[in-house]
Amino acid sequence: MSTTGATADPLAALGSLPGVAESVESVRKAVDRVYGHRIMRRRSNEITSEAALRAARGSAALSGADWALEEVRRRTDFGTDGEARVMGAALRLTAEAGQLLSIWRQSPLRVLARLHLVAAASDEARVGRPRQDGEPVDEPLVELPLPDAREVSGRLEGLADLIIAGTSAPALVTAAVVHGELLALRPFASHNGLVARAAERIVLIGSGLDPKAICPAEVGHAELGRAGYLAALEGYVSGTPEGMAAWIAHCGRAVELGVRESTAVCEALQRGAA
């Protein structure tokens, strides 16, 4: 996303793209419905915990570790093979995201560095900092052209400036742009998809749209499928109004599917079946 132009609030300008206002309104209504569920008054902590587990499972699925939910519950060792390490990283990031809300608005680049450190769980020199020219990127599921290190640095700084300055854009728009920009840039040597989805999570929670973290967009992204996810991302990378609007709408649909998941959890708790 270009952060230069005539408008002082380019994120807010995206809200006027065709179809975006409708996506924003649809998401808001869906979120309001699940927050109004009667079980939320008594057992919201349980729903938050369950949503976090399902969010981690969904994010890991998009990064190549598509495990059944019960397998995620059962496993305790997440360091034995490639898929297990991906799942472990997703679980750590989902837990960490809630601890970084107060830092995000003041220092988003610091938060992104922390997310990568948590995901990688390594003390390698490349961990926790943007990649440099010539450094490989392990992100096999995203095959779009890779921006060079200079472009990455400039666009990350521009994104951080927008976050720090604040915006009147709806939370969905900001979350979608943060998510899309990080996937487009792949600023780290690894785990960029997991980090991008964790950053989207931080925006949705920290904005007040989903303060109890019960609307896991990661679930929806996984349910919409990897092919649809990558096709929508191509629209974002194109930078066209139609492509940007399609990506925001895709992210909105993911939130709504996350709401549906948590609504089902609420219904199960109400029936005494969970």
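Below, each value reflects all heavy atoms present in this structure, side chains not excepted, and no hydrogens, waters or symmetry copies. Residue numbers run from 1 in the order of the sequence given.
Counting heavy atoms from C-beta on, the side chains of Arg186 and Pro147 come closer than 4.5 Å. Using a 4.5 Å cut-off on side-chain heavy atoms (C-beta onward), Cys215 and Leu204 make no contact. Counting only heavy atoms from C-beta outward, the side chains of Trp104 and Ile205 never approach each other to under 4.5 Å. Trp247 places none of its side-chain heavy atoms less than 4.5 Å from the side chain of Val237. Put simply, the side chain of Thr167 does not reach to within 4.5 Å of the side chain of Leu162, judged on heavy atoms. A 4.5 Å side-chain heavy-atom check between Val27 and Leu209 finds at least one atom pair inside the cut-off.
One N or O on the side chain of Thr263 and one on the backbone of Val259 form a donor-acceptor pair closer than 3.5 Å. In this structure a side-chain-to-backbone donor-acceptor pair under 3.5 Å is present from Arg92 to Val118. Side-chain atoms of Arg129 come within 3.5 Å of backbone atoms of Ala125 as a donor-acceptor pair (strictly under, hydrogens ignored). Remark: side-chain polar atoms of Thr174 are not paired, donor with acceptor, to backbone N or O of Ala171 under 3.5 angstrom. With hydrogens and angles ignored, the 3.5 Å screen pairs a side-chain donor or acceptor of Ser49 with a backbone N or O of Asn45. Between the side chain of Thr48 and the main chain of Lys212, a donor-acceptor pair closer than 3.5 Å is present. The main-chain N or O of Leu185 is never found under 3.5 Å from a side-chain atom of Asn192 such that the two would form a donor-acceptor pair.
Here Arg33 does not pair with Glu256 in a salt bridge; the nearest charged N to carboxylate O distance is not below 4.0 Å. Between Glu25 and Arg28 no salt bridge is recorded (no basic side-chain N to carboxylate O distance below 4.0 Å). By the 4.0 Å N-to-carboxylate-O rule, Glu71 lies close enough to Arg74 to be salt-bridged with it. A salt bridge does not link Arg126 to Glu135: none of the charged side-chain nitrogens sits closer than 4.0 Å to a carboxylate oxygen.
Heavy-atom minimum distance, Ala222 versus Ala61: CB-CB, 4.4 Å. The two atoms that bring Arg131 and Phe188 nearest to each other are CD-O, 4.2 Å, heavy atoms only. Between Pro108 and Ile164 the shortest heavy-atom distance is CD-CG1, 3.7 Å. Minimum heavy-atom separation, Ser262 to Ala51: OG-CB, 3.9 Å. Contact detail for Val219 and Gly258: the closest heavy-atom pair is CB-CA, 4.4 Å. The two residues Leu101 and Gly206 have their closest heavy-atom pair at CD2-N, 3.9 Å.
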May I have the step-by-step check of side-chain contact (heavy atoms from CB on, under 4.5 Å) for Trp67 and Arg75, ending in yes or no? CA-CA 11 Å; Trp67 291 10; Arg75 287 284 289 268; 3.5 Å; yes

Between Ser44 and Ile214, is the side-chain contact (heavy atoms from CB on, under 4.5 Å) condition met? List the steps. CA-CA 8 Å; Ser44 64; Ile214 62 167; 5.8 Å; no

Salt bridge (Lys or Arg N to Asp or Glu O under 4.0 Å) for Glu50 and Arg73? Distances and angles first, verdict last. CA-CA 10 Å; Glu50 185 65 19; Arg73 293 190 203 281; 2.5 Å; yes

Ile248 and Tyr236: side-chain contact (heavy atoms from CB on, under 4.5 Å), yes or no, with the steps? CA-CA 8 Å; Ile248 294 168; Tyr236 176 86; over 6 Å; no

Would you sort out whether His191 and Leu194 count as a side-chain contact (heavy atoms from CB on, under 4.5 Å), showing the intermediate values? CA-CA 5 Å; His191 299 93; Leu194 294 174; 3.8 Å; yes

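For Asp133, the side chain to side chain donor-acceptor pair (under 3.5 Å) criterion is met by no residue, not counting sequence neighbours.
The aromatic rings of His221 and Tyr229 sit perpendicular, their planes meeting at an angle over 60°, well past the 30° parallel limit.
No single ILVMFWY cluster, assembled from side-chain heavy atoms under 4.5 Å apart, contains both Leu62 and Phe78. Leu182 and Ile103 fall within a single hydrophobic cluster, where Ile, Leu, Val, Met, Phe, Trp and Tyr are joined by side-chain heavy atoms under 4.5 Å apart, directly or via other members. Residues Leu172 and Leu224 do not share a hydrophobic cluster, clusters being chains of Ile/Leu/Val/Met/Phe/Trp/Tyr side chains in contact below 4.5 Å. Criterion: ILVMFWY side-chain heavy atoms under 4.5 Å apart, direct or through other members. Under it, Leu233 and Val173 are part of a common hydrophobic cluster. Taken together through direct or relayed side-chain contacts under 4.5 Å among Ile, Leu, Val, Met, Phe, Trp and Tyr, Leu109 and Val178 form part of one hydrophobic cluster.
Around atom CZ of Arg110, no more than 12 heavy atoms belonging to other residues, nucleotides or ligands sit under 6.0 Å away. Counting heavy atoms of neighbouring residues, nucleotides and ligands inside a 6.0 Å radius, atom CD of Gln106 exceeds 12 of them.
Inspection of the Glu139 and Ser190 side chains reveals no N or O donor paired with an N or O acceptor under 3.5 Å. For the residue pair Arg253 and Ser23, no side-chain donor N or O sits within less than 3.5 Å of a side-chain acceptor on the partner.
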